[in-house]
Amino acid sequence: MRSRFRWVVLIVDTTLITLATIAAAGLREWAPFMKDSGSEISRLVVPLMPGIVVAWMAALLLADVYRQRHWGAGVEEYREVINTSVTYLMAVGLLAFLFNYPLSRGFLAFLLIIGVPLLFLGRIVARRLLHALRRRGQSVIRTMVVGNQDAVTDVLEVLRREPWLGYSPIGIVINDDAELSELEEIPILGSADSITELITEHKIGAVIFSAGSVRRGNEFNALARKLEKQHVEMVVAPAMTDIAAQRISVSPVAGIPLMHVERPRAEKALTTTKRSFDVALTCLILIVASPLLLVTALLVKLEDGGPVLFKQWRVGRGGKLFELYKFRSMVVDAERIRAEQLEDKNESDGALFKMKKDPRVTRIGGFIRRFSIDELPQLFNVLKGEMSLIGPRPALEDEVKQYKSHVRRRLDVRPGLTGLWQVSGRSDLSWDDAVRLDLYYVDNWSMVQDISILVRTVRAVLSSRGAY
């Protein structure tokens, strides 16, 4: 199944690159502001188009962007596809210059503008498909988890929470002295001394080694040699969590792979690049969404004659208070009703107040909440520099007072209009999961991840899952 999926991705990428090349040539020929477009394209570009497609695919293959370990998780897959594609197109332009070939710069510009985003979107769609298959029990690997009891339990918890990873645990090997016949409803298959036999007997496709799986490092390498001919995937789960791959590098020193972990990236999430991206995209969204904003404002006003906007003090970066804007989706005296009648009906397991059927929500309020239209006025908070498009949710003062010390790290960056928790389940998530995702974002920020979250936000809003 995995091999077939790899071929599907290859075919999709080839198709998208071909379409992008044709579209770039067509736009270059049509572009009214470029002189002599038609003759130049026909004579200089069209003969090269098959070679451009083949060479682009060859560059992706040489960059090893189709290896399975990056499928379905993280941003490394997207990063490699984008970096390889941009580098390839720059190389094409450089070669044309060095060999004095009059290749249209407009064609290359269109190819970059069209081709790279197309490949990026294609990978997102492929990932959605793969996740859907894995949640249905397809395209998964029969997996065995090895280690001490606590470490194995942690790994099983992750695999249960994230079935889209594609690892289906069918058995475990416990290396401590636990007198158990099963753990987390997963049977104990045997001892560490019989791992190779267990792999063959139970048709294991992947082995996850957690803490305590071996006593010394050389034992792991000896075990790896035994597994060499069994074509089994070996995965090591180190004793650290919520650290993105781009913050980790490995350097071998005297035969010992030393893992270097880059410092958390909260400061990088405050760069001029991110701020410029926020302002530019926010202005574009406001222009496109202005009719929707006007219609929503009118409907909210007609609902009960109350104010259109709901303003509330929230805690921003560094604990600084700011006034957050939303379209009003509740009755005018919603805060008083909550304090007097609903405080004991909170369905959240943490600092948030949540009710699936909140009686304070108006008719139009229920609709705009479902599709997150009520959040759009926060675009003005973004322009004012109080928020970012992507980041942790802006918290209330009462919520922040309940934060444990490590949770306060959410305040190291600007709060966001959307973020990891919104695209991972929104209000359906537990408090602990929401905090974990926000802290992961703060510590592992990257521009590629921001773009990925924005794309996933569109899907989360359209599905309206967890919105109430």
Side-chain angles (χ1 to χ4, degrees), residues 5-71 74-127 245-246 271 273-274 276-277 280-281 284 446-452 454-455:
F5 188 81
R6 183 173 186 267
W7 279 107
V8 168
V9 177
L10 277 165
I11 293 170
V12 169
D13 282 356
T14 304
T15 302
L16 293 176
I17 290 173
T18 302
L19 292 175
T21 306
I22 295 172
L27 285 172
R28 175 62 180 86
E29 183 175 358
W30 168 83
F33 51 86
M34 296 181 180
K35 298 179 179 180
D36 302 325
S37 299
S39 59
E40 182 178 335
I41 290 298
S42 300
R43 182 171 59 88
L44 300 174
V45 174
V46 172
L48 292 180
M49 286 171 61
I52 288 174
V53 173
V54 171
W56 196 335
M57 285 303 302
L60 292 174
L61 286 166
L62 289 173
D64 203 15
V65 302
Y66 297 99
R67 58 185 180 276
Q68 296 177 356
R69 70 184 181 88
H70 284 163
W71 288 357
V75 298
E76 194 63 28
E77 176 186 8
Y78 302 142
R79 186 193 310 279
E80 290 184 352
V81 169
I82 292 173
N83 289 347
T84 302
S85 298
V86 171
T87 302
Y88 164 72
L89 292 174
M90 291 176 62
V92 170
L94 180 61
L95 288 173
F97 172 76
L98 292 176
F99 289 95
N100 201 28
Y101 186 86
L103 183 64
S104 168
R105 287 173 294 180
F107 166 73
L108 279 179
F110 283 132
L111 193 54
L112 176 66
I113 294 170
I114 298 171
V116 175
L118 262 184
L119 282 176
F120 181 74
L121 290 175
R123 287 305 179 102
I124 291 176
V125 173
R127 179 172 288 194
Q246 60 266 27
T271 58
T273 301
K274 178 174 170 65
S276 301
F277 176 81
L281 189 55
L284 178 61
S446 73
M447 203 70 226
V448 173
Q449 181 177 234
D450 272 6
I451 296 172
S452 173
L454 282 175
V455 174

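Every value quoted in this text rests on a predicted model; they were computed, and no experiment measured them.
- Taking each heavy atom of Gly115 and Ala20 in turn, the nearest pair found is CA-CB, 3.6 Å.
- For Thr273, the side chain to side chain contact (heavy atoms under 4.5 Å, CB included) partners are Thr271, Met447, not counting sequence neighbours.
- Note that CG of Leu118 and OG1 of Thr21 are 10.0 Å apart. Values are rounded to the nearest 0.5 Å.
- The two atoms that bring Thr87 and Asn83 nearest to each other are OG1-O, 2.7 Å, heavy atoms only.
- For Leu284, the side chain to side chain contact (heavy atoms under 4.5 Å, CB included) partners at least two apart in sequence or on another chain are Leu281, Val288.
- Counting heavy atoms from C-beta on, the side chains of Phe120 and Ile82 come closer than 4.5 Å.
- If you take OH on Tyr88 and CD1 on Ile17, they are separated by 8.0 Å, rounding to the nearest 0.5 Å.
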Residues 50-61, side-chain donor-acceptor partners within the protein, below 3.5 Å, at least two apart:
residue : atom : partner : partner atom : Å
Trp56   : NE1  : Ser85   : OG           : 3.1

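- Sorted by first and then second residue, the salt bridge (charged side-chain N to carboxylate O under 4.0 Å, His left out) pairs involving residues 7-27 (not counting sequence neighbours) are Asp13-Arg123.
- In this structure Val12 satisfies the side chain to side chain contact (heavy atoms under 4.5 Å, CB included) test together with Val8, Leu16, sequence neighbours excluded.
- Taking CD1 from Ile114 and CD1 from Ile22, the interatomic distance works out to 11.0 Å, rounded to the nearest 0.5 Å.
- In this structure, the side chain to side chain contact (heavy atoms under 4.5 Å, CB included) partners of Val448, at least two apart in sequence or on a different chain, are Val75, Tyr78, Arg79, Ser446.
- Taking every heavy atom of both residues into account, Glu80 and Asp64 meet most closely at OE1-O, 4.1 Å.
- Atoms CE and CG, from Met90 and Leu95 in turn, are 12.0 Å apart once rounded to the nearest 0.5 Å.
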